[in-house]
Amino acid sequence: MKDRLVADWQAEIIADCVHRLGRKLTPKEEFFVRSCEGLLALESTHDMVKGLIGPALEKYLASPPARKPN
């Protein structure tokens with residue numbers, strides 16, 4: 001149940017990013033969103049995404065991920 005909630009929330013954040021940027025996310029940007037797995041991290045990330053647009057959102061998505069890539 002929690003895994004589905006996390007995956008759905010990540011997908012919603014990605015959709016908001018795509019809408020706000022007007023383009024698909026780069027693999028690095030998508031990994032940044034998918035690295036957020038805890039509910040507080042997801043809430044914080046989604047709040048940030050909702051408040052940013054354009055270059056500011058791109059800069060946020062370029063932040064170090066919550067976990068390292070495999």
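Computation of the quantities below employed the complete heavy-atom set of this structure, encompassing side-chain atoms and omitting hydrogens, waters and symmetry-equivalent molecules. The structure presented is a predicted model; accordingly, all values stated were derived computationally and were not measured.
Scored by the salt bridge (charged side-chain N to carboxylate O under 4.0 Å, His left out) test, D16 finds no partners at all (sequence neighbours excluded).
Other members of the hydrophobic cluster containing L42, listed by chain and number, are L5, V6, W9, I13, I14, V18, L21, L25, F32, V33, L39, M48, V49, L52, L57, Y60, L61; membership follows side-chain contacts under 4.5 Å among ILVMFWY residues, whether direct or relayed. Here L40 sits alone; no ILVMFWY side chain lies under 4.5 Å from its own, so it joins no hydrophobic cluster.
From C17, atom SG reaches atom CD of E30 across 10.0 Å, with rounding to the nearest 0.5 Å.
The shortest distance between side-chain heavy atoms of Q10 and E37 falls below 4.5 Å.
Pairs passing the salt bridge (Lys or Arg N to Asp or Glu O under 4.0 Å) check and including a residue from residues 42-58, sequence neighbours excluded, read R23-E58.
In terms of modelled atom types and a separation under 3.5 Å, the side chain of E29 and the main chain of T26 share a donor-acceptor contact.
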